[in-house]
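Note sheet for the following structure.
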Amino acid sequence: MNKVVVKEGWLPVKENECLVDTVYMELTGHKIGDKIKFKSGNDTELKDILNEEEYTITGSGVTSYYLSRTKGNSSIGNGLLSGFVILPEEAFSMEVYSEIYFTVTDALELMSYGDEYQEKVDAVTERIENELQDVRIEARYN
């Protein structure tokens with residue numbers, strides 16, 4: 001799920017390497033071997049999230065997570081997401097995961113924008129929020 005398809009180069013293997021969105025490469029003119037520098041866009045120190053500020057581009061790719069050139073919105077920067085970056089797990093200084101993706105049993109056969117699909121996903125989401133959320137929050141805190 002949400003796997004990256006490498007279009008050029010390779011996935012990062014060292015903690016100071018990254019793979020970037022092919023659209024980002026087109027928009028910026030960056031090439032494999034170039035370095036990109038990150039900075040925090042809010043009150044959180046970058047070192048609280050990442051071990052490094054600068055990463056070497058090892059490749060470019062696409063993912064089904066973003067189906068169009070428009071990637072979504074953000075509360076930092078100009079508010080628009082224009083690309084994605086893939087970093088190896090070792091690049092992160094965070095002690096916990098901040099997102100989770102899951103599949104819902106029997107949902108793959110359904111039309112993803114249909115009512116039956118949405119009802120099935122909503123039921124699982126509700127169960128997670130009502131039955132598992134407090135347990136997982138406590139486990140994450142501990």
Side-chain angles (χ1 to χ4, degrees), residues 1-129 132-142:
M1 180 182 342
N2 298 334
K3 295 204 187 286
V4 174
V5 176
V6 178
K7 294 295 189 177
E8 182 182 13
W10 60 91
L11 286 169
V13 289
K14 297 178 185 170
E15 78 172 63
N16 65 341
E17 295 178 336
C18 68
L19 178 136
V20 298
D21 179 21
T22 55
V23 173
Y24 173 83
M25 294 279 269
E26 292 169 15
L27 291 174
T28 64
H30 278 97
K31 303 177 296 302
I32 292 175
D34 287 353
K35 296 182 184 297
I36 57 174
K37 191 169 185 175
F38 291 93
K39 62 181 181 177
S40 177
N42 56 31
D43 294 342
T44 303
E45 294 286 331
L46 188 64
K47 66 181 178 177
D48 292 340
I49 301 168
L50 298 174
N51 291 324
E52 307 285 336
E53 288 184 359
E54 193 172 78
Y55 294 85
T56 302
I57 299 172
T58 63
S60 66
V62 296
T63 177
S64 61
Y65 186 73
Y66 298 112
L67 296 174
S68 69
R69 289 180 79 88
T70 305
K71 307 290 190 270
N73 299 314
S74 173
S75 61
I76 59 176
N78 67 4
L80 298 174
L81 297 178
S82 57
F84 66 85
V85 176
I86 302 294
L87 300 170
E89 186 174 346
E90 298 78 28
F92 292 89
S93 58
M94 298 172 63
E95 295 180 6
V96 296
Y97 292 107
S98 59
E99 288 189 37
I100 185 171
Y101 298 96
F102 57 90
T103 57
V104 175
T105 304
D106 300 327
L108 287 174
E109 300 85 37
L110 302 172
M111 173 102 73
S112 60
Y113 295 104
D115 291 340
E116 190 178 357
Y117 173 87
Q118 196 59 53
E119 288 169 13
K120 190 170 284 287
V121 170
D122 286 348
V124 172
T125 301
E126 187 174 320
R127 180 171 172 247
I128 289 169
E129 290 173 347
L132 303 175
Q133 183 172 334
D134 290 342
V135 173
R136 295 310 312 154
I137 288 171
E138 186 68 25
R140 183 178 183 212
Y141 177 78
N142 289 335

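Counting begins at 1 with the first residue of the sequence. What you see below is based on every heavy atom in this structure, not just the backbone, and it leaves out hydrogens, waters and symmetry mates.
- Counting heavy atoms from C-beta outward, V20 and H30 have side chains that stay 4.5 Å or more apart.
- With a 6.0 Å radius and a threshold of 12 heavy atoms from other residues, nucleotides or ligands, M94 has its CE atom above the threshold.
- Heavy atoms from other residues, nucleotides or ligands lying under 6.0 Å from CG of D115 number 12 at most.
- Between D106 atom CG and Y117 atom OH the span is 12.5 Å, to the nearest 0.5 Å.
- Between V124 and R127 the shortest side-chain heavy-atom distance does not fall below 4.5 Å.
- More than 12 heavy atoms of other residues, nucleotides or ligands lie within 6.0 Å of CD in E54, so this atom counts as buried by the packing criterion.
- A donor-acceptor contact shorter than 3.5 Å is absent between the side chain of T56 and the backbone of G33.
- Crowding of E109 atom CD: a count of heavy atoms from other residues, nucleotides or ligands under 6.0 Å exceeding 12.
- Distance check: K120 NZ to T125 OG1 gives 12.5 Å after rounding to the nearest 0.5 Å.
- Taking OH of Y55 as the start and CD of E15 as the end, the distance is 7.0 Å to the nearest 0.5 Å.
- Among all heavy-atom pairs drawn from F102 and V104, the shortest one is CE1-CG2, 3.9 Å.
- Here I57 contributes atom CD1 and E17 contributes atom CD; the two are 11.5 Å apart, rounded to the nearest 0.5 Å.
- The two atoms that bring L19 and W10 nearest to each other are CD1-O, 3.9 Å, heavy atoms only.
- Taking CD from E126 and CD from E119, the interatomic distance works out to 12.0 Å, rounded to the nearest 0.5 Å.
- Looking at heavy atoms from C-beta onward, T63 lies in side-chain contact with F84 at the 4.5 angstrom threshold.
- Side chains of F38 and V85 form a contact here, defined as non-hydrogen atoms less than 4.5 Å apart.
- A donor-acceptor pair under 3.5 Å is absent between the side-chain atoms of S60 and the main chain of K7, judged by distance alone.
- Atom OG in S40 sits 8.5 Å away from atom CG in D48 (nearest 0.5 Å).
- Screening L46, N16, I36 for a side-chain contact (heavy atoms from CB on, under 4.5 Å) involving E53 leaves a single residue, L46.
- In this structure, the side chains of E90 and N51 stay at 4.5 Å or more apart for every pair of heavy atoms.
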